[in-house]
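Okay, so here's the structure we're looking at.
Throughout, numbering of the chain's residues begins at 1 and tracks the sequence. Just so you know, ligand 1 is whichever comes first in the structure, and atom 1 is the first atom listed for that ligand. Side-chain atoms are counted along with the backbone in the values below, which use heavy atoms only and exclude waters and symmetry mates.
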Amino acid sequence: MADCPPVAIVCVGMAGSGKTTFMQRINSHLHTKKTPPYVINLDPAVHNVPFDSNIDIRDSLNYKEVMKEYNLGPNGGILTSLNIFATKIDQVMGILEKRTKPDPETSNARPIKNIIVDTPGQIEVFVWSASGSILLDSLASTFPTVIAYIIDTPRTSSTSTFMSNMLYACSILYKTKLPMILVFNKTDVQDAEFAKDWMTDFESFQAALKREEDSGSFGGVEGAPGGIGGGSGYMGSLLNSMSLMLEEFYRHLSVVGVSSMTGLGVTEFFDAVREKAEEFERDYKPELERRQQERQKQKESKREKELEKLMKDMNVPSSASKGPKNTEATRAPRKDAIDTISDMETDEDLGNLEHDSDPPTDEDDEAASNSNGDGLSQRYEAALADENRSGNGQDHSFSRYLHASRMN
Ligand SMILES: Nc1nc2c(ncn2[C@@H]2O[C@H](COP(=O)(O)OP(=O)(O)OP(=O)(O)O)[C@@H](O)[C@H]2O)c(=O)[nH]1
C-alpha cells in the first residue's frame, strides 16, 4: 500500500463522544509511525485543542464575535463561522494539494498521507449545513474521504440508545454519501463486542430486547412499562423492524472498537481506513464524478434556458431571418455577455457588464437621459417609467434597464 493516495478522515460524533480525544490519539499514533498527518480543526467553539492543528478555524474567526456581530445564538454562531470559513475552501484545498504532493526540491520530500479533520459536536450544524457539504464535497473531489462516526460505547449499551445512534449514523451516511467507519469509543469502560453482535446477528439483538423487557429496564430506564418498551409492545416491535431494516446499512460499514484513552484498537481503525479508502476509489468516486457531471449539465441547461429567455426579452430573434438587429456584430457579444450574466449576482455587475457589450440605440439614449446616473435604482425607475409610457410588457423594460445601466 506504499502508493495509496492521501486519505481525508473526517471525525463526526455527538457532543462528548470523544472526537477530540480520538483525534489526539490518531494524531499521536501517526506521529509514532513517522507519518505525521495534516490536522484541521473545524470546531470554532472548542476551548482547548490538545493537539497542534495545521489549520484551525479559530485562527481566522472569532466565534464569539460572530455571535455578537450577527446577533446569533451558539449554534447560529457555529454555523455562520463555518459558512464564512467555507468561502476560503479554495485556499484550503490549494494548501492541501501542495502538502500532499511530493516535491524533492523543497522540504516536502515526504508528503502528507493522512488529513484528519475535527468537527463541531453539533453534528447537524456540520452535516446538514451548506458549508458542511461544501467542505466535504471539496475534500472528496480531491482525496479519498472517509467519515469516522465516533460513538460513546457505554452510553449506547441499551437497545434503544443503540438504535437511535445507528439511525443517526444512517442519516449521516445518506446525507454525505461517503464511506463510513463506526468507531465505538471508550472501550476501556465498556467493550464494544455487544454492538458488533447486534449488528451482525439479528437474534442477539432480539435477545437483548427480551432481556431488557424481562428486567423492566427497557431503554436503560429501570421500571419502564413493558407495554411501551417490551419486545411485544409498540417500541419493541418498532426496534425489531428497524433493526431488520438497518441490516443492509450495517453491511456497508466498518466497525471498530477503540479506546482513545489507552490507544486500544487504533491499528484496526487504520486498517478500516485503508479498506474504506479503496472502497471510495472503487465505488464512491465514479458516483461522485457522475453527480458532478450531472450538476454541470444542469448548470449548462439552466444557463441555456436563461440565455434563450433573455434573448427573447431583448427582442433578439434566435433565427437569422428575424430583424435587422440580429447581425454578427450584435449577436455574438450579447451571447457572451448574457452567458456571463447568469454568473453575476449584483445589479452593479449587470451594469458594468452591459457597458462594454452592446452599442446604444436612440431609444436607449432617451432612456439613459431620463436617468441622472446616480445609481441603479434610479436607472431602473427610468426604465419602468419608459415602460409605462410605451405600454410594453415588463420583459421589455428589463432590456431597457440593461441599456440604461450601460450608460454609467
Ligand atoms: N474512559 C474514556 N474516556 C474518554 C475516551 N475518549 C474520550 N473520553 C472522555 O470523554 C469526554 C469527552 O471527550 P471529548 O474528546 O472532549 O469529546 P468531544 O466529542 O470532542 O466533545 P465536544 O467537543 O463537546 O463535541 C472527556 O472527558 C474525555 O476524557 C476514552 O476512550 N475512554
Side-chain angles (χ1 to χ4, degrees), residues 9-32 37 39-59 61-64 66-67 73-82 85 115-129 131-132 135-136 146-157 161-162 164-166 168-169 171-172 176 180-196 254-270 272-273:
I9 304 166
V10 182
C11 297
V12 294
M14 294 187 190
S17 56
K19 288 181 300 299
T20 307
T21 320
F22 178 71
M23 282 279 294
Q24 184 184 14
R25 174 57 64 187
I26 57 174
N27 184 27
S28 79
H29 175 89
L30 291 169
H31 272 277
T32 316
V39 185
I40 303 179
N41 171 44
L42 292 182
D43 188 350
V46 70
H47 281 301
N48 291 313
V49 179
F51 44 81
D52 286 335
S53 307
N54 299 90
I55 296 179
D56 193 328
I57 188 171
R58 296 173 307 162
D59 292 340
L61 285 157
N62 183 335
Y63 147 78
K64 292 230 162 103
V66 171
M67 274 171 69
N75 284 344
I78 295 173
L79 182 66
T80 306
S81 302
L82 278 170
F85 186 79
I115 300 157
I116 58 176
V117 185
D118 197 6
T119 61
Q122 291 78 351
I123 305 180
E124 67 285 0
V125 170
F126 181 71
V127 175
W128 293 91
S129 64
S131 45
L135 294 164
L136 285 177
V146 174
I147 303 284
Y149 182 62
I150 319 295
I151 297 169
D152 187 334
T153 314
R155 284 169 167 258
T156 310
S157 55
T161 48
F162 174 81
S164 307
N165 233 323
M166 291 304 106
Y168 213 135
S171 81
I172 294 170
T176 60
M180 180 183 273
I181 302 171
L182 291 190
V183 180
F184 281 90
N185 191 25
K186 310 192 185 180
T187 50
D188 55 302
V189 180
Q190 173 149 15
D191 195 87
E193 275 313 304
F194 76 92
K196 290 182 190 170
S254 293
V255 182
V256 286
V258 166
S259 167
S260 304
M261 279 291 180
T262 65
L264 198 81
V266 171
T267 312
E268 287 78 6
F269 170 75
F270 279 102
V273 168

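Side-chain contact of N41 with S53: a donor-acceptor pair under 3.5 Å is absent, judged by distance alone.
Considering only residues two or more places apart in sequence or on other chains, Y149 meets the ring-ring contact (aromatic ring centres under 6.0 Å, His included) condition with none of them.
Ligand 1 places these atoms under 4.0 Å from at least one heavy atom of S259: 31 (O). Listed by number with element, the atoms of ligand 1 under 4.0 Å from a non-hydrogen atom of M14 are 19 (O). When each atom of ligand 1 is checked for a heavy atom of G121 under 4.0 Å away, the hits are 25 (O). Close contacts between ligand 1 and D188 involve ligand atoms 1 (N), 2 (C), 30 (C), 31 (O), 32 (N) [criterion: under 4.0 Å to a heavy atom].
Of all the heavy atoms of D118, none lies under 4.0 Å from any atom of ligand 1, so neither backbone nor side chain is involved. Of the heavy atoms in V189, only side-chain atoms (C-beta onward) come closer than 4.0 Å to ligand 1. Contacts between D152 and ligand 1, counted as non-hydrogen atom pairs separated by less than 4.0 Å, are absent for every part of the residue.
Checking side-chain atoms of N185 against main-chain N and O of D152 turns up no donor-acceptor pair under 3.5 Å. Looking only at distances, a side-chain donor or acceptor of S17 sits under 3.5 Å from a matching main-chain atom of M14. Between the side chain of S254 and the backbone N or O of I181 there is no donor-acceptor pair closer than 3.5 Å.
Counting only heavy atoms of the protein, atom 18 (P) of ligand 1 lies nearest to K19 N, 3.5 Å. Of the protein's heavy atoms, K186 CG, 3.5 Å lies nearest to atom 5 (C) of ligand 1. Closest to atom 2 (C) of ligand 1, if we only count protein heavy atoms, is M261 CG, 3.3 Å. The protein non-hydrogen atom at the shortest distance from atom 6 (N) of ligand 1 is N185 ND2, 3.2 Å. Closest to atom 22 (P) of ligand 1 among all protein heavy atoms lies G16 N, 3.8 Å.
Among the atoms of S260, some N or O lies under 3.5 angstrom from an N or O of ligand 1. Residue G18 places at least one N or O, backbone or side chain, under 3.5 Å from an N or O of ligand 1. Looking at ligand 1, you won't find any N or O of P120 less than 3.5 Å from one of its N or O atoms. The N/O atoms of A15, backbone and side chain alike, include none that comes under 3.5 Å of an N/O atom in ligand 1.
Ring orientation note: the planes of F269 and F22 are nearly perpendicular, at an angle over 60° on the 30°/60° scale. Aromatic ring orientation, F162 versus F184: parallel (interplanar angle below 30°, classes split at 30° and 60°).
Within 6.0 Å of CZ on R58 lie more than 12 heavy atoms contributed by other residues, nucleotides or ligands. By the 6.0 Å contact criterion, CG on D52 is open, its count of non-hydrogen atoms from other residues, nucleotides or ligands being 12 or less.
The closest approach between G13 and ligand 1 stays at or above 4.0 Å for every heavy atom of the residue.
Of all non-hydrogen atoms in S131 and L79, the two that sit nearest each other are OG-O, 4.3 Å. Scanning all heavy atoms of the two residues, the minimum distance from V125 to S129 falls at O-OG, 2.7 Å. P50 approaches T20 most closely through the heavy-atom pair CD-CG2, 3.3 Å.
In this comparison of N48, L264, T20, T21, the heavy atom closest to atom 20 (O) of ligand 1 sits on T20.
The protein reaches atom 31 (O) of ligand 1 closely, with a heavy atom under 4.0 angstrom from it. Inside a 4.0 Å radius of atom 26 (C) of ligand 1 there is not any protein heavy atom.
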